[in-house]
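A quick write-up on the structure given underneath.
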Number of protein chains: 2
Amino acid sequence: MPGRPAPNLALVCCTLVGGSLAVLTEDGGDRRQVSLPEMTLRADAALDDAAANFARATLGRAPAWIAQIGAFNETTLTIGYLVLVTVGTDAPAGHRWASYPKQPTGPQAPLLRSALSALRERLDREPVAFRLLPATFTLSELQALYELLLERRLHKASFRRTLMAAHLVEPTDAWRSEGRGRPAQLFRYAPRRRKALPRAVRFESLT
Amino acid sequence: MPGRPAPNLALVCCTLVGGSLAVLTEDGGDRRQVSLPEMTLRADAALDDAAANFARATLGRAPAWIAQIGAFNETTLTIGYLVLVTVGTDAPAGHRWASYPKQPTGPQAPLLRSALSALRERLDREPVAFRLLPATFTLSELQALYELLLERRLHKASFRRTLMAAHLVEPTDAWRSEGRGRPAQLFRYAPRRRKALPRAVRFESLT
DNA sequence: TCAAAAGTGTTTGTTATACACCCATGA
DNA sequence: TCATGGGTGTATAACAAACACTTTTGA
């Protein structure tokens, strides 16, 4: 007699392609719909280890970041993980980078919605932006990424001042010339411990 | 031959007892360790529905709030839910309110840690404080709850001004006299839709 | 030498904090 | 009438936004 269906593990692997958010999709099937990499969870497996191993096996290299986003109802119980991949990484064989769907459809739609909101909510708590970017990057690239994830324009001078005050990045001695215009200095992610000063209470986002 | 062990569903039910955070614990066993209500998840069950039903059955009434906090490794795969219970609700038969452990021990320790951090992280995104309080409350009670959850003192005048500017509460015509001192006006949670004004980018919490 | 993008100093407006004070009640 | 906790107005400080500007490159 058939046993209980085993829980699944699904990966929402995100990166940037051409200035837009992309998600790793398995080849084959309906090209208009995202098909996330999934695996069956072994009964005795440690969740986070299994997810990290599956992500490494799928991508062919260790991901830049991985975090659980929750449990979902699919045809079987599915634990979803958000995986961040450094920009410029090629899609592994049998996969491709699909543009992240604005309004996902299909059984994996809740997973895709949760992953994107988790990405946005963690933006000011975890260094997700710095995991998506390569080791060195320009401040304009960083700002463009924040604007993409926050879905709103940011003011250049304010963005830089706030960033510098947070002591999160340090300049390298390299510059990059990007076509016309003045070359941009490259920075690296180098957070400095500092006393976590108390934030004001925010009621704004409350409904 | 034995089948795969079924996934579990665990509830972290929180309320306030005597000005401190408390968690619902099953009677029996080690009184120095929290024992969360757990149930076996049916193969075809919808997660959120199953959790809501289990919470209602356990508490004897519908909870004020419920939200998934993630999947965990226990002896079996366990999906954890954070459940908020209005202050003053008695513990159901076979259970008691235990003071929320500062440093949880035992197999459910990761669940307890995640539930508390979820509660704190959602404080400025979801109306968790208003779910813990009864329908009407004084602003001092609300501020004390925020201070408890944020673990720091807040300035009275600032707290009220920010709260009023957010149009989250409205005064009732009832007042409560609490021993000596001027009676406090009672308020109710009555959020008014307003244009979500863009928050500044925050790098502070980033490591 | 012009367009384009990087980078910076100054001003302005908003908002949280701090302080001081008044109000209403029980003892 | 005094101590206690509720409630509020005003000043100060911190900071994000906006504006204006300089710098440096490719075409």
Side-chain angles (χ1 to χ4, degrees), chain A residues 19 123-124 133 136-148 150-188 194-206, chain B residues 18-19 123-124 133-134 136-148 150-188 194-206:
Chain A
L123 191 62
D124 59 349
L133 292 177
T136 63
F137 47 85
T138 71
L139 296 191
S140 295
E141 287 172 338
L142 183 64
Q143 181 179 342
L145 180 49
Y146 267 89
E147 290 179 341
L148 179 70
L150 294 173
E151 287 187 305
R152 62 189 182 86
R153 299 275 315 176
L154 297 174
H155 193 266
K156 184 171 58 165
S158 293
F159 181 81
R160 288 167 189 234
R161 238 189 314 277
T162 312
L163 180 65
M164 291 312 179
H167 296 291
L168 280 177
V169 299
E170 63 183 23
T172 68
D173 48 6
W175 272 261
R176 177 191 299 163
S177 193
E178 200 84 57
R180 53 197 127 283
R182 172 172 168 178
Q185 189 167 19
L186 292 176
F187 289 76
R188 76 165 62 89
R194 59 204 185 285
K195 54 180 181 299
L197 44 106
R199 292 193 312 174
V201 188
R202 302 266 166 181
F203 299 104
E204 301 154 9
S205 315
L206 281 178
Chain B
L123 192 61
D124 59 350
L133 292 178
T136 63
F137 46 85
T138 71
L139 296 191
S140 294
E141 286 173 338
L142 183 64
Q143 181 178 344
L145 180 48
Y146 268 89
E147 290 179 340
L148 179 70
L150 295 173
E151 288 187 305
R152 63 189 182 87
R153 297 278 313 179
L154 298 173
H155 193 266
K156 183 172 58 166
S158 295
F159 181 81
R160 289 168 189 233
R161 236 191 313 277
T162 313
L163 180 65
M164 291 312 178
H167 297 291
L168 280 176
V169 299
E170 65 183 22
T172 68
D173 47 7
W175 300 72
R176 178 191 297 162
S177 193
E178 201 85 58
R180 53 198 127 284
R182 171 174 169 177
Q185 188 166 19
L186 292 176
F187 289 76
R188 76 165 62 88
R194 59 203 185 287
K195 54 179 184 296
L197 45 106
R199 294 192 312 172
V201 188
R202 302 266 167 183
F203 299 105
E204 302 155 8
S205 317
L206 282 177

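Numbers restart at 1 for each chain; the letters A, B, ... are given by sequence-line order, proteins then strands.
- Atom CZ in B:Arg153 sits about 12 Å away from atom P in C:dA18, given to the nearest Å.
- Two residues are said to be in side-chain contact when any heavy atoms from C-beta on lie closer than 4.5 Å; A:Phe159 and A:Arg161 fail this criterion.
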Per-nt protein contacts along nucleotides 9-14 of chain D (heavy atom under 4.0 Å; B base, S backbone sugar-phosphate only, - none) come out as BB----
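- Remark: A:Arg188 engages A:Glu170 in a salt bridge (charged side-chain N to carboxylate O under 4.0 Å, His left out) (not counting sequence neighbours).
- Here OG1 of B:Thr162 is found 11.0 Å from NE2 of B:His155. Values are rounded to the nearest 0.5 Å.
- Between A:Leu139 and A:Met164, the shortest heavy-atom distance links the atoms CD1-CE, 3.7 Å.
- Taking side-chain N and O atoms only, B:Thr162 has a distance below 4.0 Å to OP1 or OP2 of C:dA16.
- Under the rule for a side chain to side chain contact (heavy atoms under 4.5 Å, CB included), A:Arg182 has no partner lying at least two apart in sequence or in another chain.
- Between the OH atom of A:Tyr146 and the C1' atom of D:dA16 there is a distance of 16 Å, rounded to whole Å.
- As a whole-Å value, the separation of A:Leu142 CG from C:dG7 P is 12 Å.
- Not a single side chain to side chain contact (heavy atoms under 4.5 Å, CB included) links A:Ala144 to another residue, sequence neighbours left out.
- One can place NZ of B:Lys156 at 6 Å from C1' of D:dG7, the figure rounded to the nearest angstrom.
- Going from atom CZ of A:Phe159 over to atom C1' of C:dG7 covers 14 Å, rounded to whole Å.
- For the pair B:Glu141 CD and D:dG6 P, the computed distance is 9 Å after rounding to whole Å.
- Mapping A:Ser177 and B:Arg160 onto DNA chain D via the closest heavy atom, the residue that lands nearer the 5' end is B:Arg160.
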Step by step, work out the side chain to side chain contact (heavy atoms under 4.5 Å, CB included) result for B:Leu154 and A:Val201.
CA-CA 9 Å; B:Leu154 298 173; A:Val201 188; 3.6 Å; yes
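- Remark: P of D:dG6 and CZ of B:Arg176 are 11 Å apart, rounded to the nearest angstrom.
- Considering all non-hydrogen atoms of both residues, A:Phe203 and B:Leu168 come closest at CB-CD1, 3.5 Å.
- The side chain to side chain contact (heavy atoms under 4.5 Å, CB included) search around A:Thr138 returns A:Ser140, A:Glu141, A:Arg176, A:Ala184, A:Leu186, not counting sequence neighbours.
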Give me the distances for all protein-to-nucleotides 2-4 of chain D N/O pairs that come in under 3.5 Å?
from, atom 1, to, atom 2, distance (Å)
D:dT4, O2, B:Gly181, N, 3.4

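- Of the two residues contacting DNA chain C, namely A:Leu186 and A:Val201, the nearest-nucleotide position lying further toward the 5' end is that of A:Leu186.
- Rounded to a whole Å, the CG atom of B:Leu163 is 15 Å from the P atom of D:dG6.
- Between A:Ser140 and C:dA6 there is a side-chain N or O to OP1 or OP2 distance below 4.0 Å.
- Counting any heavy atom pair closer than 4.0 Å across all strands shown, A:Glu178 reaches no nucleic acid atom.
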